[in-house]
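Keep in mind that what you see is a predicted model, and the values were worked out from it rather than measured. Numbers restart at 1 for each chain; the letters A, B, ... are given by sequence-line order, proteins then strands.
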Number of protein chains: 2
Amino acid sequence: MNSWDEIRTAYHVARMGTVSGAADALGVHHATVIRHIDALEQRLGAKLFQRHARGYTATEAGEDLLRVAQTTDDQFSQLTNRIKGRGAEVAGELVVTSVESMGPQLVPVLAEFQAQHPQLSIRYLTGSRLLRLEYGEAHVAIRAGNPPDQPDNVVQPFFRMKFAMYAAKSYGRRHGFPERKEDLRKHRFVAFDETGARAPFSRWLRDHVPAENVVFVSGDSRVLENAVYAGAGIGFLPVYGAVQRDDLVRVIDPDDSWTVPVWLVTHVDLHRSAKVQALLSHLKAQIKRWDVE
Amino acid sequence: MNSWDEIRTAYHVARMGTVSGAADALGVHHATVIRHIDALEQRLGAKLFQRHARGYTATEAGEDLLRVAQTTDDQFSQLTNRIKGRGAEVAGELVVTSVESMGPQLVPVLAEFQAQHPQLSIRYLTGSRLLRLEYGEAHVAIRAGNPPDQPDNVVQPFFRMKFAMYAAKSYGRRHGFPERKEDLRKHRFVAFDETGARAPFSRWLRDHVPAENVVFVSGDSRVLENAVYAGAGIGFLPVYGAVQRDDLVRVIDPDDSWTVPVWLVTHVDLHRSAKVQALLSHLKAQIKRWDVE
DNA sequence: CAGCGAGTGTTCGATTTTGCACAGGGTGCG
DNA sequence: CGCACCCTGTGCAAAATCGAACACTCGCTG
C-alpha cells in the first residue's frame, strides 16, 4: 500500500463528513481533497464515500478506514510527542564507551550520574574494538592520546591523565628501588606491547632503559597494572589510581611529558541533546578528583 | 502531525538501513528519500538517523518511529485487503428499507437470505421517513407506487402487488356482505388518509362510495389492516397477506387497476457489489410466493 | 595501492501536484 | 417562491516536488 497521505485525507473526510471541512482541517484546497479521494478509491477499486449535495458520507469501507486511520493518527501524534520531548529530558538510554583501563575511575562517576537521573539507563561499554560514534554505537566516547579527528565528531579536552613510575613494595624488598637515574639500567620493567610506542612514556622507556630489562609486556593495561602490583617490575601507572594503593612506592614523580590527554567525544547529531550535555557537565565536574599529584 | 508519507519513507529507511534501499523499496529516487528524511527531522527537531558512508542507522527516535510505523504498515495492508475483498464476498452489513406495510412479507425472505449468508448482518429499517439511498442510509430500498426517478439510483421492477377488497367475517355477521356493486353504497369502509389519493384503489373508492361511508381512516397501513380484521369496515388489502387469514371474506376480486407496482431501488455505487446483487436475485426468486390470486 | 562498487548528497530541468476561480446544484429560511 | 449559503466539481496557471546526472566518500579486493 503506497501513499499514506491519501489515507490521511480520506480519514479527515470521513471524520468531517464534507470535503470542504476536511480541506480546512488539512490546510489544503478542497480540490486536492477530491483528487486524493478519487485516486484512493480508484486504486482500491471500491467506493469509500457516497457523494451527495450535503457532503460525503462514508460507506462500510470508508468507516473501516476511519477506524484504522483514527488509531494511526493517535499513534503518530504520540510518537511525535515522544520524539520532540526526548531531547528535553534526561531519560532513556545513554551509551558511554572508553578504553577499558579507565573503568575503575569512570564507573563510580557514572553510577552517581545514574542515581541523579533515575529515568536513565546507562550502558558503559569497554572493549578492544573501538565503538564508532558515527554508526550510533555510542553516545559519548572517552578517548585517550592524540586528539581524535573525525569530521562529524565534536571533541573537547576532558582532563590530562598524569602518569608516574611505580613499583610494588614486594619488588623493592627483592630488588631495591632505583634512587638515581643511572640505577634504572639495573632494574626490570613492565611495559605496553606497543612497538609503535604511541604512549609518550613508552618512548621514554625505550630511550632510558635497555630493551632486555623490560621483562613483562602486555597489550592490556589492566594486566600491566596487576603485574606492577605483583612485583613483576617497575611500570607507569596513572597517578589517580596509584595513590590509593599503599603497597606501591613511587619511583619517579610525574613528568609533564608523560601526561596523556583525555578527550570527550560525541557525535555532532547527539551533542546538543540534554542527555549528553548533562553527562558531559557531570563528567567535567569530576575532573578535580583525578587531578592529584 | 502532517505528511504521513514522510513517516512512511523514514520507516523504510529504518528498515533497510540505507537510503538507496529504501528508495528501491518505495519506487522513488533516492534524492526524494533524503529530502523526506531531512524535512521530517527538521519538523520534529530531532535526528532520526545517524548518517555515515555505509548508510543510515536509526537513532533512538528512529527506532521508535520504526516500531510505530511497522504496526501502521501492517494495519494499512490489512485494511486494503479487507476493502478490496469486501466487494467479492457477501458479508458485513446490508441495510434494507421499505414502507412498513411490507414487513410481514419481507421479514421471512430476509431471514432466509441471512441464513444462507451467515457472515451477513441485515438491518431492515422501516419508518415513516424515507431513507435516502444517496446519503448511504440504505443499500437496497423497496418502494411502491410510481417508479422512483432519482438520477443516481438504479430502479428495476420487483413485482406487482395485487389488492382486493376484504371484510372480516365478524363484519358480515353484523352488516352482511355486499353482493352487487350497488350494495357498496350501504356499507362502511376503512381507507387511507390520502386526500391526494395516491394509491389507485383509493381513487376508485372515492368514485364508487360516498365519502360519509368511509368510517375509519388512517395513514398507517397496518392500522387499516387491523381495522378490517376487527370488523370496522370493508377495505383494500394485499391478496398475499389476506389469503392467509381465514377470518376474512373477499368482497371483490382483485382488479388490475388496483395493482400497485413495487420497485427495487439501489444506489448506482452499490448496485454492482456482490452483496447487493445476491440480495436482489434472492428477492426476485421469491416473487412467485406473492403471485397468488 | 589502485581500482571498483556501494552509498550519500547536491544541482537543475521536467513533471506532477496544488491552488485558484468559477460553474452547477441542493437545502433551508424568510 | 425566491434568495442566500454551502457544498461539490472542473479547467488552467503556478508552485512544489521529483528524477537524472554528477561529485564525493568509504571500504573492500586483487
Please produce a list of atom pairs where a protein N or O lies less than 3.5 Å from an N or O of nucleotides 1-4 of chain C.
none

Nearest 0.5 angstrom please: A/N2 CG to B/L26 CG, how far? 9.0 Å

Salt bridge (Lys or Arg N to Asp or Glu O under 4.0 Å): pairs with one or both residues in residues 16-42 of chain A, sequence neighbours excluded: A/D38-A/R51, A/E41-A/R51

Rounded to whole Å, the CG-C1' distance (B/L40 to D/dT17) equals 16 Å

To the nearest Å, give me how far apart CE (B/M16) and P (C/dA6) are. 17 Å

State the CD1-CG distance between A/I83 and B/L48, to the nearest 0.5 angstrom. 5.5 Å

Measuring from atom CH2 of A/W4 to atom OG1 of A/T72, what distance do you get when rounded to the nearest 0.5 angstrom? 8.0 Å

Step by step, work out the side-chain contact (heavy atoms from CB on, under 4.5 Å) result for B/V276 and B/H267. CA-CA 10 Å; B/V276 168; B/H267 194 277; over 6 Å; no

Within this structure, what is the NE2-CD distance for the pair A/H271 and A/Q277, rounded to the nearest 0.5 Å? 4.5 Å

Let me know the distance between CG of B/D24 and C1' of D/dA20, rounded to the nearest Å. 15 Å

So which of residues 50-64 of chain B are in contact with DNA chain C, with a heavy-atom cut-off of under 4.0 Å? B/R51, B/H52, B/G55, B/Y56

Take atom CZ of B/R43 as the centre, draw a 6.0 Å sphere, and report whether it contains more than 12 heavy atoms from other residues, nucleotides or ligands. yes

Separation of atom CG in B/D5 from atom C1' in C/dT18, rounded to whole Å: 15 Å

Determine: side-chain N/O of B/S20 to OP1/OP2 of C/dT8, distance under 4.0 Å, yes or no. yes

Where along residues 26-36 of chain A does a heavy atom fall under 4.0 Å from DNA chain C? A/V28, A/H29, A/A31, A/T32, A/R35, A/H36

Nearest 0.5 Å please: distance from the NE2 atom of A/H12 over to the CG atom of A/L66. 10.5 Å

Would you list the atom pairs, donor with acceptor, under 3.5 Å between side chains in residues 15-23 of chain B and any protein atom, with sequence neighbours excluded?
| residue | atom | partner | partner atom | Å |
| --- | --- | --- | --- | --- |
| B/T18 | OG1 | B/G21 | N | 2.9 |

Residues in ring-ring contact (aromatic ring centres under 6.0 Å, His included) with B/Y124, at least two apart? none

Nearest-Å distance for atom pair CD/P, residues B/E6 and D/dA16: 15 Å

To the nearest 0.5 Å, atom OG1 of A/T80 lies from atom CG of B/L40 at 10.0 Å

